[in-house]
Every structure is written in C-alpha cells, then in structure tokens.
**Student:** 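I'd like to ask some things about the structure below.
Lettering follows sequence order; numbering is per chain, from 1.
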Protein chains: 2
Amino acid sequence: MTSAGHTDVREPISEDHPTCRLRDILDRVGDKWSVLVMDLLGSGPKRYSELQRSVDGISQRMLTLTLRSLERDGLVDRTVTPTSPPRVDYTLTEVGQTLSGQVRALIQWADDHREYVARSRLRYDAT
Amino acid sequence: MTSAGHTDVREPISEDHPTCRLRDILDRVGDKWSVLVMDLLGSGPKRYSELQRSVDGISQRMLTLTLRSLERDGLVDRTVTPTSPPRVDYTLTEVGQTLSGQVRALIQWADDHREYVARSRLRYDAT
DNA sequence: CAGAATCCAACCGGATACTG
DNA sequence: CAGTATCCGGTTGGATTCTG
C-alpha cells in the first residue's frame, strides 16, 4: 500500500496491522502474574493480602504493578474500604471475566496438547 | 494438601498447579514474535527470507530463535531443500494450526474490546 | 540463502526498606 | 493492611560479523 513494486508478498506487519495493535492484549495473556491473578479472581473477589498469599512467589512490587495494570485496562475493579487498617478488594469486571474465559480456553488447549508438546521437545532435544 | 491448618484460603499456586505447568504455552502466546510468525504461517508455507521480510522489525537472531522454539514444540515443520543456495520452508503442523486458531479467537476478543480497553486507559490516566 | 556466534545496552523484576 | 521508593543483578534481544 505504501509503495509499489510488490509481487504477491504480504505487506510487512507495521503499526496499523491488526496483530500489532493487539500486542498489549497478547502481552497481558502472556504475562505470568496477570494470568495467575485473573485466574484467582475468577473465583470471586479477593483482598490484596489474600492475593499475595495465594499467588506463590509474587513480590509486593509485581502484585501492585499487575493489579494497577489490570485496573487500568478495565479488567479489574478496585474497591477501597477506608477503615483502619484499610481494606481493599479486587474483582474481575464483566469484561475481565470474558477475557478470563478466553484464557481458560487457552489453558484447555494446553491441557489437550501437553503430552504432544512434551514429546516433541524430547524428540527435538535428542538431536 | 502439603500442610494442615488452612481455613478456606486457596492453596498457593505451586509447580504442580495446572496454571503453572501451562506457563510455557502462555509464554508462547504472549511472545511477540511467535504470534506474528504463526499468524503469517497460517496463510501457507513461507521461506526464511520471506518471513524475515514480512515480520517487520524482527532480527535474524530472533527469527531463528522463534522458529527453533516453535519447531521444538512441534508447532512448526522445517523442510530443507539442499539446493545451492539452500532453501528452507516453514509450515504450521496440524497442532500448530489448532493453536493458531486459539490465538485467532484471542485476537477476536481483543478486537471486540479494543475500544473498551482504550477508554478505560484514558479514564485511568486522567487520574 | 539461511543461519551461528559474539557483544553489549536496555529493561525486568526480586529484595529490601519505608509509609499513611 | 496496603501499598511506595530505591537499588541492583539477571535476562532479553538488537546490532554486527562470519560461514556452509
């Protein structure tokens, strides 16, 4: 589109290619902590400390960054109860739940093909 | 399961938690280049140089690493034609195609919610 | 053409310490 | 309790050079 002279080779993927504009969504799904947190929130609202205890190995820093990011994207709601000490609850939004569903489908795929991938790797590594 | 004394708090996510064993699959989906390469291969076999031209901005190093990784997992087939100069074609395997389908579903989700996410971010950043 | 190998800068994320 | 701020080591990936 930008220049002439192409034959039948696909256009290079650039900024306005659909796949690229979806990068941030894919990053989200690929993100270790986001997936784990969304998975936990899928079973109901959780407090900050609850998440920290449940997501094994997550640092305070990463939990906060992950929640902020999910909140920014409208996937998670943050509810502050200004008691003392303060209480903060996190919930999946409706849209967050639909993404969570997609992730679950992906997890299903992985489950269905775990053996296959494992065997492929063994075979490949034997070379 | 490992220790007593829990109330109703979920078990911490550990190595043998399903979500963790699927980490490598999610990493694959979240990987910038893997998704782009699989997307391209979805429309038919491609040569190495063809991929390099089509995937805008990918370095030789990353293209090779990505293809090796996809091949290792049994998602991509590599066919060498030992002419001179050599010719190498890459194709999605059957399993690779099914994953590609999942990714497409995810891309569909992102398409359906792009506006929502964009607006969420604008609102959040305005704070 | 299709890679392999090396080098190095940038980013990521864990650990730690501090706060309203 | 629910964070924020700072430091810093490890990994990632781009640029470059070389090869069958």
**Student:** Round to a whole Å and report the spacing from CG of B/Leu67 to P of C/dG3.
**Tutor:**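 Result: 7 Å.
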**Student:** Got A/Leu92 and A/Ser100 here, is their nearest side-chain heavy-atom distance under 4.5 Å?
**Tutor:**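 When only atoms from C-beta onward are counted, A/Ser100 and A/Leu92 do touch, with a gap below 4.5 Å.
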**Student:** Looking at D/dG3, I'd like to know if its phosphate oxygens (OP1 or OP2) sit under 4.0 Å from a side-chain N or O belonging to A/Tyr90.
**Tutor:**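 Affirmative; the distance criterion is met.
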**Student:** Could you tell me whether the side chain of B/Arg87 reaches within less than 4.5 Å of the side chain of B/Val80, counting heavy atoms only?
**Tutor:**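 With C-beta onward as the side chain, the pair stays apart.
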**Student:** Does the side chain of A/Ser54 come within less than 4.5 Å of A/Leu40's, by heavy atoms?
**Tutor:**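 Result yes, sub-4.5 Å side-chain heavy-atom pair found.
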**Student:** Are the charged groups of A/Asp125 and B/Arg72 less than 4.0 angstrom apart, N to O?
**Tutor:**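 Counted as a salt bridge, because a side-chain N and a carboxylate O are separated by less than 4.0 Å.
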**Student:** Can you tell which of D/dA2, C/dC1, C/dG3 lies closest to the side chain of A/Ser49?
**Tutor:**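 Closest of the options to the side chain of A/Ser49: D/dA2.
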**Student:** For C/dA4, does OP1 or OP2 lie under 4.0 Å from any side-chain N or O of B/Arg68?
**Tutor:**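 For B/Arg68, the contact criterion (side-chain N or O under 4.0 Å from OP1 or OP2 of C/dA4) is met.
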**Student:** A/Leu63 versus A/Trp33: any side-chain heavy-atom pair under 4.5 Å?
**Tutor:**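 No, their side chains stay 4.5 Å or more apart.
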**Student:** Using a strict cut-off of less than 4.0 Å between a Lys/Arg side-chain nitrogen and an Asp/Glu carboxylate oxygen, indicate whether B/Arg114 and B/Asp111 qualify as a salt bridge.
**Tutor:**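 Yes.
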**Student:** May I have the distance from B/Glu50 (atom CD) to C/dG3 (atom C1'), rounded to whole angstrom?
**Tutor:**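 About 17 Å, once rounded to whole Å.
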**Student:** Would A/Asp73 and A/Arg68 pass as an ion pair if we require N to O under 4.0 Å?
**Tutor:**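 Judged by the 4.0 Å cut-off on N to carboxylate O distance, A/Asp73 and A/Arg68 do not form a salt bridge.
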**Student:** Write down the distance between CZ (B/Arg78) and P (C/dA2), rounded to a whole number of angstrom.
**Tutor:**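 About 10 Å, once rounded to whole Å.
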**Student:** Taking C-beta and beyond as the side chain, do A/Arg28 and A/Leu99 meet within less than 4.5 Å on heavy atoms?
**Tutor:**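 In short, these two side chains touch, coming nearer than 4.5 Å.
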**Student:** Are B/Leu51 and B/Leu67 side-chain neighbours, meaning at least one heavy-atom pair lies under 4.5 Å?
**Tutor:**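 Yes, close enough: below the 4.5 Å cut-off.
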**Student:** In whole Å, what is the span from the CG atom of B/Asp89 to the P atom of C/dA2?
**Tutor:**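 Value for this atom pair: 8 Å.
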**Student:** Scan nucleotides 5-20 of chain C nucleotide by nucleotide, 5' to 3', and note B when protein non-hydrogen atoms come under 4.0 Å of the base, S if they reach only the sugar-phosphate, - if neither.
**Tutor:** -B------BBB-B--B
**Student:** What nucleotide, of D/dG3, D/dC1, C/dA2, holds the atom closest to the side chain of A/Arg47?
**Tutor:**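 Out of D/dG3, D/dC1, C/dA2, the nucleotide with an atom closest to A/Arg47's side chain is D/dC1.
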**Student:** Let me know the distance between OH of B/Tyr48 and C1' of D/dG20, rounded to the nearest Å.
**Tutor:**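 Whole-Å distance recorded here is 15 Å.
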**Student:** Report the end-to-end axis angle of the helix from C/dC1-D/dG20 to C/dG20-D/dC1; each axis comes from five terminal pairs, and the value is rounded to 10°.
**Tutor:**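 It works out to 50° between the end axes.
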**Student:** For B/Arg87 and C/dA2, give me the distance from atom CZ to atom C1', rounded to whole Å.
**Tutor:**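 Result: 12 Å.
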**Student:** How many Å lie between CD on B/Glu71 and P on C/dA2, as a whole number?
**Tutor:**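 From B/Glu71 CD to C/dA2 P: 15 Å.
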**Student:** Whole angstrom is fine here: how far is it from CG in B/Leu65 over to P in D/dT11?
**Tutor:**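 After rounding, the reported distance stands at 16 Å.
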